[in-house]
Amino acid sequence: MTQPLNAVCLLSGGGTTLQNLIDLAERGELPLRFSRVISSRADAYGLVRAETHGIPSAVIQRKAHASWEAFNQALSDAVDAENPDLVIFAGFMSLFWPGERYIGRIMNVHPALIPAFCGKGMYGHHVHEAVIEKGVKITGATVHFVDNQYDHGPIILQEAVEVLDDDDADILAERVQAAERRIYPQAIRLFAEKRLIIQGRRVRILQS
Ligand code: GAR
């Protein structure tokens, strides 16, 4: 099996995304080990999940810092301390950019087909509510590399999800999250196998 990646997970909420990755890794289906989980909220249930699985955690809150720059620096220092191969956003709701040395080494999953329904304020349930409100017929999930803007870096994988006539935001969220649970591990596996090549805004996937 491919050498396990040393990963840091950044989250702000319930942590079902983290849980899926932990479960796959523990079953030997994903070459990954988390050296730390960092939360931007002290009450995030994702912290409990980390503790349950023996993963060290930390809380770094925007409101505890005088500026976004100070918050970003504190996060950068905490991430650097783990010397990670990969930084994994799992429902992380703050902007974070540790600089060019992390290009191609931070991933995010977004619950829509970027560039639709993304950007500041467009996260979690708000996305599915906006999708229903607009009446679009197709939405989906996107895994992308992170850059210095919200939901903006090069796209790695996308999976489309049909919006059905009787869907509300909750039902739609469940189907989109099922897609996220497929494509996020797949993207991480491709990264571990060194098969993701960034060419400008495009990500080429090398054949195995
Ligand atoms: C996930 O659905 C993820 O796509 C979304 O937040 C949820 C986190 O759930 N992320 C974004 O909206 C990022 N812009 P979780 O806390 O249960 O993993």
Side-chain angles (χ1 to χ4, degrees), residues 5-22 32-112 114-115 117-127 129-130 141-156 180 184 187-188 191 196 198 200-201 203:
L5 297 169
N6 176 35
V8 172
C9 176
L10 270 54
L11 54 74
S12 306
T16 59
T17 309
L18 169 68
Q19 188 70 56
N20 178 46
L21 300 176
I22 291 173
L32 186 70
R33 65 169 283 279
F34 288 105
S35 61
R36 190 168 294 276
V37 168
I38 302 173
S39 174
S40 63
R41 294 182 56 137
D43 61 353
Y45 190 71
L47 290 166
V48 177
R49 296 179 193 273
E51 193 180 357
T52 303
H53 291 268
I55 303 167
S57 64
V59 175
I60 299 178
Q61 290 171 287
R62 169 66 185 87
K63 67 179 182 196
H65 296 84
S67 62
W68 175 81
E69 285 74 13
F71 166 71
N72 191 58
Q73 188 61 53
L75 263 180
S76 293
D77 292 346
V79 168
D80 279 347
E82 304 300 329
N83 195 20
D85 301 308
L86 184 64
V87 179
I88 294 176
F89 283 20
F92 186 63
M93 302 312 178
S94 295
L95 192 63
F96 170 56
W97 181 239
E100 292 197 352
R101 68 193 186 284
Y102 278 90
I103 287 176
R105 290 204 291 137
I106 309 178
M107 278 187 199
N108 180 40
V109 66
H110 183 74
I114 289 174
F117 301 103
C118 65
K120 195 169 174 18
M122 201 50 100
Y123 58 87
H125 219 64
H126 299 295
V127 176
E129 280 160 11
T142 301
V143 178
H144 66 96
F145 284 119
V146 168
D147 65 9
N148 60 352
Q149 300 176 44
Y150 282 105
D151 306 324
H152 182 263
I155 291 167
I156 302 167
E180 294 178 30
Y184 214 1
I188 293 167
F191 180 89
L196 298 177
I198 300 176
R201 286 213 45 88
V203 177

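One is the number of the first residue; the rest follow in order along the sequence.
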| salt bridge (Lys or Arg N to Asp or Glu O under 4.0 Å) partners for Arg62, two or more places apart |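 For Arg62, no residue satisfies salt bridge (Lys or Arg N to Asp or Glu O under 4.0 Å) once neighbours in sequence are set aside.
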Flag the pair [X] / [Y] as yes when at least one side-chain heavy-atom distance between them is below 4.5 Å, and no otherwise.
{"X": "Asn72", "Y": "Glu69", "value": "no"}
{"X": "Pro56", "Y": "Phe34", "value": "no"}
{"X": "Thr16", "Y": "Arg49", "value": "yes"}
{"X": "His144", "Y": "Arg201", "value": "no"}
{"X": "Gln19", "Y": "His53", "value": "yes"}
{"X": "Phe145", "Y": "Ile106", "value": "no"}

Where do [X] and [Y] come nearest, in terms of heavy atoms and distance?
{"X": "Ser12", "Y": "Ser40", "answer": "OG-OG, 2.7 Å"}
{"X": "Met107", "Y": "Phe191", "answer": "CE-CB, 3.6 Å"}
{"X": "Ile60", "Y": "Ala78", "answer": "CD1-CB, 3.6 Å"}
{"X": "Pro154", "Y": "Ile198", "answer": "CG-CG2, 4.1 Å"}
{"X": "Leu11", "Y": "Gly46", "answer": "CD2-CA, 3.9 Å"}
{"X": "Arg41", "Y": "Leu47", "answer": "O-CD1, 3.6 Å"}

| Qualifying side chain to side chain donor-acceptor pair (under 3.5 Å) pairs, either residue in residues 87-99, two or more places apart |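 Found none.
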| said: Can you tell me if Arg105 has over 12 outside heavy atoms packed within less than 6.0 Å of its CZ? | reply: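 Result for CZ/Arg105: enclosed.
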| query | By side chain to side chain donor-acceptor pair (under 3.5 Å), which residues pair with Ser39, not counting sequence neighbours? | reply |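 Partners of Ser39 under the side chain to side chain donor-acceptor pair (under 3.5 Å) test: none.
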| task | List in chain and number order the residues that pass side chain to side chain donor-acceptor pair (under 3.5 Å) with Thr17, two or more places apart in sequence or in another chain; answer none if no residue qualifies. | result |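 By the side chain to side chain donor-acceptor pair (under 3.5 Å) rule, Thr17 matches no residue at all.
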| request: Report the residues that fulfil ring pair (Phe, Tyr, Trp, His ring centres under 6.0 Å) with Tyr123, sequence neighbours left out, ordered by chain and then residue number. | output: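 Per chain and number, Tyr123 pairs via ring pair (Phe, Tyr, Trp, His ring centres under 6.0 Å) with His126.
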| query | For His125, what residues pass the ring pair (Phe, Tyr, Trp, His ring centres under 6.0 Å) criterion, not counting sequence neighbours? | reply |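 Per chain and number, His125 pairs via ring pair (Phe, Tyr, Trp, His ring centres under 6.0 Å) with no residue.
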Does [X] have any side chain to side chain contact (heavy atoms under 4.5 Å, CB included) partners at least two apart in sequence or in another chain, and if so, which?
{"X": "Tyr150", "value": "Leu95, Lys120"}
{"X": "Ala70", "value": "His65, Ser67"}
{"X": "Ala66", "value": "none"}
{"X": "Thr52", "value": "Val48"}

Pairwise distance [atom1]([X]) to [atom2]([Y]) - rounded to 0.5 angstrom:
{"X": "Leu21", "Y": "Cys9", "atom1": "CG", "atom2": "SG", "answer": "7.5 Å"}
{"X": "Asp147", "Y": "Glu100", "atom1": "CG", "atom2": "CD", "answer": "11.0 Å"}
{"X": "Phe71", "Y": "Leu75", "atom1": "CZ", "atom2": "CG", "answer": "4.5 Å"}

| message | I need the full list of salt bridge (Lys or Arg N to Asp or Glu O under 4.0 Å) pairs touching residues 50-59, with sequence neighbours left out, sorted by first then second residue. | response |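 Sorted pair list comes back empty.
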| query | Between the side chain of His152 and the main-chain N/O of Cys118, is any donor-acceptor distance below 3.5 Å? | reply |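 Side chain of His152 to backbone of Cys118: no pair is present.
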| said: Does Leu10 form a side-chain contact (heavy atoms from CB on, under 4.5 Å) with Val8? I'd like the steps, not just the answer. | reply: CA-CA 7 Å; Leu10 270 54; Val8 172; 3.7 Å; yes
Would you be so kind as to tabulate the donor-acceptor pairs closer than 3.5 Å made by side chains of residues 79-93, with sequence neighbours excluded?
| residue | atom | partner | partner atom | Å |
| --- | --- | --- | --- | --- |
| Asp80 | OD1 | Arg101 | NH2 | 3.2 |
| Asp80 | OD1 | Tyr102 | OH | 2.7 |
| Asp80 | OD2 | Arg101 | NH2 | 2.8 |
| Glu82 | OE1 | Ser35 | OG | 3.2 |
| Glu82 | OE2 | Arg36 | NE | 2.7 |
| Asp85 | OD2 | Asn6 | N | 2.6 |

| task | Quickly, which of Val146, Thr142, Ile114 forms a side chain to side chain contact (heavy atoms under 4.5 Å, CB included) with Asp151? Name it, please. | result |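 Passing option: Ile114.
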